[in-house]
Participant: 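Take a look at this one; I'll ask things after.
The basis for the numbers below is simple: all heavy atoms, side chains too, and nothing from hydrogens, waters or symmetry mates.
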Amino acid sequence: MGLTNASHSHVPYSSSLQHGYNPAEYANYYYNYPQATNSCSVQQGGANQHSGAAYQPLTSFQNSGSYVDPTSNTYYNAGGHQTAPGYATTNYYYQTDTRNDGSSGNNYAQSYQNYPSSDTNAAQSSSTVPANSFSYQQQYNQWPYYYNHSVPTPAGNPVAGSSNIDNTVVNTTSGYSYPSTEPPPPGTTPWKSNSSASVAPPVQAPSVPEPQNQYVQQAQLTPGFQNQYAYQAPGVPMSQNYYANQAPAYPQNNMNVNQVPLNNHGDQQKSGSLTTGIFSSENKTQIPTIPRIAPGFSMVIPKSEKKTVGADLAKKPAYVSVSVPKNDVKAVQHGSDARSLPFSLRNYATRNLSRCKDEAQRAACQSMIQQITSKAISNGTLLTKNWDTEPLIPLPENLLTMTETSSANNSSSLPNSTPRRRLKSRWEPVPEEKVTEKVEPLAKPLMNGNTHNNLKAQNRMGDSWNLGKSLQSPHAPSNKITHRLSKKQKMGSYSSVVQNGDNSSDSDKEKDLTKYYANASALANSPEEKKRREHRSKRFEKSKDSSSKSRNSAVNKGAVAHIHTRRPISALVTGSYKDGSSLAVEDMDWDALTVKGTCQEIEKRYLRLTSAPDPSTVRPEHVLEKALSMVETSQKNYLYKCDQLKSIRQDLTVQRIQNELTVKVYETHARLALQAGDLAEFNQCQSQLKRLYREGNNGCYFEFSAYNLLCVMLHSNNKRDLLSSMASLSKEAKQDGAVKHALAVHAAVSSGNYVIFFKLYKQGPNLNSCLMDLYVERMRFEAIKCMSRSYRPTVPVGYVAQVLGFLPNGDDRSEECEIWLKAHGAVLSVDNGGELQIDTKASSSTLFMPEPENAVAHGDASLAVNDFFART
Amino acid sequence: TPTPSAASGTPTPPSRRLLGSAFLQEFRNWETPWAMEAMHMVALEIRLLAEKADRELVMSGKNPDKLQAAGSFLMKVFGALAVKGPKRVGALYVTCQLFKIYFRLGTVNLCRSVIRSIETARNFDFEDFPVKDKVTYMYYTGRLEVFNENFLVADQKLTYALMHCNPQSESNLRKILKFLIPVKLSIGVLPRRTLLEKYNLLEYADIVTSLRRGDLRLLKQALDRHEDQLLKCGVYLVLEKLELQVYRRLVKKIHIIQREKEPSKAHQIKLEVLVKTLQWLGITMDVDEVECIMACLIYKNLIKGYFAHKSKVLVLSKQDPFPKLNGKPV
């Protein structure tokens, strides 16, 4: 039991360190990368690729490892320790990536890439870097090892024979880790139910007293995590668990390293060929199993590593000494944690536990509490959090559905300060929330032996690395990771949730896989992502010719292949969303919904989308251009045009097209809306245009700045908005005719100068007059009030008609004005000369603003019934 | 959650907010306001840090959202303070911090709810708040009234702030005057030039001069010259409206000259005279436009009298043709 505790005690230890390491990892990564070319193994790698022998690099790396004194890699060197896992993952992921592409050559190239870097580092004998190299080693070695153990259970792999007694023990304990990758063997189900309480302790238990045991376990666990990466989305978070397990085992890895060199010793070439041989033979044996696990993804790499396994197994000597003290420390730390728990937290725990109906729930709940506590400790919120108001942990209702994948889910939710934060979404369907909730409680048991909390930071790293790498070409720059973290996490949680839903059968798993990859690939298809990728592949194209850098070309091919494989997959996304995944709307990766339209029809009715867009009904850009010009030249009424433009806008939006065409569409629509007096639609377009201009799309910026000014001053009448609109005008904008006109209108309105207003109304550039149109009535009424107040005794209607911008009707322009004046309650009289006059004194008390004649109940006269029928 | 600004080494607002919420939690439970100063310090620190973090976020091209978050936290603090009892004394300080955030963010409409809860409280006399908070509060609410063109209330609030402000703190006095002067101008109160000089508010000097002289050209020039600055601090629209007052002054001057020349016909000002005067000032306006302006002056009670359209003559009232604004806005 002390071991389980130990894992928790880990928390404070690394939590403080979390931050610093991410940068460190990046740094290391870059540090290594350039060096790759310098290292001696480069040539070898090249040779290998041509021959198709993957393992040359690996062996060379192992040799390098042997130069380093294994003891120098102390566990207590937190930096080294933490960096290592992250590193390992990255490298590993490169491989997964390429493997998916199906080009085995790629793998070698990449693995080889890693080695050179580790070589050089090792030579420099820096304390952290060796750790990195070891971790690579470790993972590579462990892969096959894992296979040895895991495969026998269901399939009876011949290699299993090589495992020793410890293996069997470990196998059972670690079983919870691999079901996710393997089709669940009959024996696995019991573990799931037990896992909450019993599994974790045994896992670590052997590691303390017995070095060999630990080693074995280590070996098994790591592969488990690798497997998950390879096949399943949840693997991402999962990996964190294994980091923790791996940590103690580092020393032992060193041993492995040493031993491998022993075998290979001086002659790298020899060992290379040796391994190749083994590799190929193993390939044959493994291939049958692979399709079953993850159809479509060839598993080249893991097999090749097998050859080392045998060697590793033989060499398990006495590195235990390092890991044992560590455990002690943990135990002590844990003790102090327990003592410092605040009373309110203990109450919180009691409240949660009291809700549990049976033992399983209890165990799950307990572990959740532990997890929350340790998270709080690592966050520093243990004492600050109001435990009294903290929401209770959702009860695990169906323990059976919670498989080992829940740990993945859990760790993916960990990065959020509270696991339930995601549930806030008001859009999220209620039943689907339950899935996530259900999953959480079980997460803890699985992590029991692990220090998942401390590793949270790493967790994210792992997340981002894996996802990022798996999607991108292998050379993805690592420095962008931080920016994309959140997205990656979402991805992780999404995929884990998906997986959680069904992992009962192979086919289900396949589905999950596809979903995950669809999701992932969609992410990779986002514009920035594409840009980056393009940039990267261009980089490689330059060096493609030189055969000495053949690894680059291999990588490049891989990247290209990858892009191609992604295409069809992205189409699946739609399906996976329709399936009702439990992803919150906010968490959804909208990039995934970006479709590429195939519809060739120019005309399309607008229909507000209620589901993911169907590419067959979405028009691609060139068709949309035709559609726009069709609308522009169409003779039909505004409602038809508005409908068409809205559908064009929708197609642009779902395809995420934001360019000059988009601007043009919105401008066209805004103008049409202005002409039709449809202010609501105009405002929609205007706000989109503001954004588009701000993002640097060219268009009629000045024209629409003027519209904006007029709109603010005449319609919203918000002084603050007006001020900010005016303040945001550039010097050039103020020189523009339309903007000048708008500012003049403002001056006229603010001083109430109706004469100037109507003069400007007549000479408005563009559609400025259309906007003023909507203000004319008010301005006229204000003017006539002013006149009736200030003029005595009369004012001629003809003059009023002239200054108030009434249009001449034949030779008598005052006719319309007369009607208007009468409608507004003005008192008219005919003077001696027969001229129609307004009796101002009488009018001043009788003026009124009539109800607009064309008012309709729904407030929009343009939606008249006749027009509505005319639409169809 | 850690934030990007953690890289800069400054404590991040979220972590501060954790501390802040913890403190607030305890503060709520304390019956006496003994930790008021600490609470205020927390509020201040959170605002300042959020501002700093936002600056850094902007520099690194990210979305600055920290100040907004700080605003919502301070709203909680306000909630804890704006209660019955001794803690209420501290509520105004937090209100002022909130004002500062909202004004910086440009979301001044959010001030309304805070103002309502301060001003509608019956159980606490506004005068019982600390003076410094009252001054800050009046300054910001006065500015809000300037935006709303509620000049009388704005004048009242800003004057209160000016009267109670520490006379030693010239920068604060200047800030208040920056808004108070335009407000006073719009209700017809002109400052002495020495005041403008003392507080370095000379951007208003030309405007004041133009009001004294009825020099429309000078007003337009002054507005043009300081347009950006005046737009930024939000008084441009207020000053723009002074135009009518300048016209009135001009008419008044013409009236005075006519009275000296020909007392019997002094109250009748021919439209062509006005047009000529404006032309002399370099402002070309046609007869209709000038006529409209005269109509507006009468309509807005700046001039007593009427306009005879037939004869194109502005007829001034014989009694007090240019009524004093007397604090009434145009």
Participant: Under 4.5 Å between any side-chain heavy atoms of B/Y139 and B/F179, yes or no?
Facilitator: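 SC-SC contact between B/Y139 and B/F179 confirmed.
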Participant: Go through the atoms of A/K759 and report whether side chain, backbone, both or neither lie under 4.5 Å from a heavy atom of chain B.
Facilitator: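 Contact with chain B is through the side chain of A/K759 alone.
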Participant: Test A/V776 against A/F757 for side chain to side chain contact (heavy atoms under 4.5 Å, CB included), laying out the working first.
Facilitator: CA-CA 9 Å; A/V776 160; A/F757 179 89; 4.3 Å; yes
Participant: Side chain from CB out, backbone as N, CA, C, O: work out which of these in A/M787 comes under 4.5 Å of a heavy atom of chain B, or both, or neither.
Facilitator: neither
Participant: CZ of A/R778: more than 12 outside heavy atoms within 6.0 angstrom?
Facilitator: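 More than 12 heavy atoms, drawn from other residues, nucleotides or ligands, come within 6.0 Å of this atom.
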Participant: Got a salt bridge between A/R691 and A/E695, using NZ or NE/NH1/NH2 to carboxylate O under 4.0 Å?
Facilitator: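 A salt bridge is present here (some side-chain N lies under 4.0 Å from a carboxylate O).
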Participant: Is it true that atom OH of B/Y102 has more than 12 heavy atoms of other residues, nucleotides or ligands lying nearer than 6.0 Å?
Facilitator: yes
Participant: List the steps and the verdict of side chain to side chain contact (heavy atoms under 4.5 Å, CB included) for A/V803 and A/F758.
Facilitator: CA-CA 7 Å; A/V803 295; A/F758 284 103; over 6 Å; no
Participant: Fit a plane to each ring of B/F307 and A/Y791, take the angle between them on a 0 to 90° scale, and name the class: parallel (under 30°), tilted (30 to 60°) or perpendicular (over 60°).
Facilitator: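 Perpendicular, since the angle between the ring planes exceeds 60°.
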Participant: Heavy-atom distances under 4.5 Å only: say whether B/E243 touches chain A with side chain, backbone, both or neither.
Facilitator: side chain
Participant: For B/D228, is it the side chain, the backbone, both or neither that has a heavy atom under 4.5 Å from a heavy atom of chain A?
Facilitator: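 The answer is the side chain of B/D228.
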Participant: Between B/N148 and chain A, with a heavy-atom cut-off of 4.5 Å, which part of the residue counts as in contact: side chain, backbone, both or neither?
Facilitator: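 Neither; nothing under 4.5 Å.
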Participant: I would like to know whether B/R249 and B/L216 meet side chain to side chain contact (heavy atoms under 4.5 Å, CB included); could you show each step before the answer?
Facilitator: CA-CA 10 Å; B/R249 190 78 183 180; B/L216 202 65; over 6 Å; no
Participant: So for atom NZ, which belongs to B/K270, do other residues, nucleotides or ligands contribute more than 12 heavy atoms lying within a distance under 6.0 Å?
Facilitator: no
Participant: Sort by residue number and list every member of residues 833-843 of chain A having a non-hydrogen atom under 4.5 Å from chain B.
Facilitator: none
Participant: Can you tell which part of B/E291 gets under 4.5 Å to a heavy atom of chain A, answering side chain, backbone, both or neither?
Facilitator: both
Participant: Which of the residues A/T794, A/L722, A/I756 is involved in the greatest number of heavy-atom pairs with chain B at under 4.5 angstrom?
Facilitator: A/I756
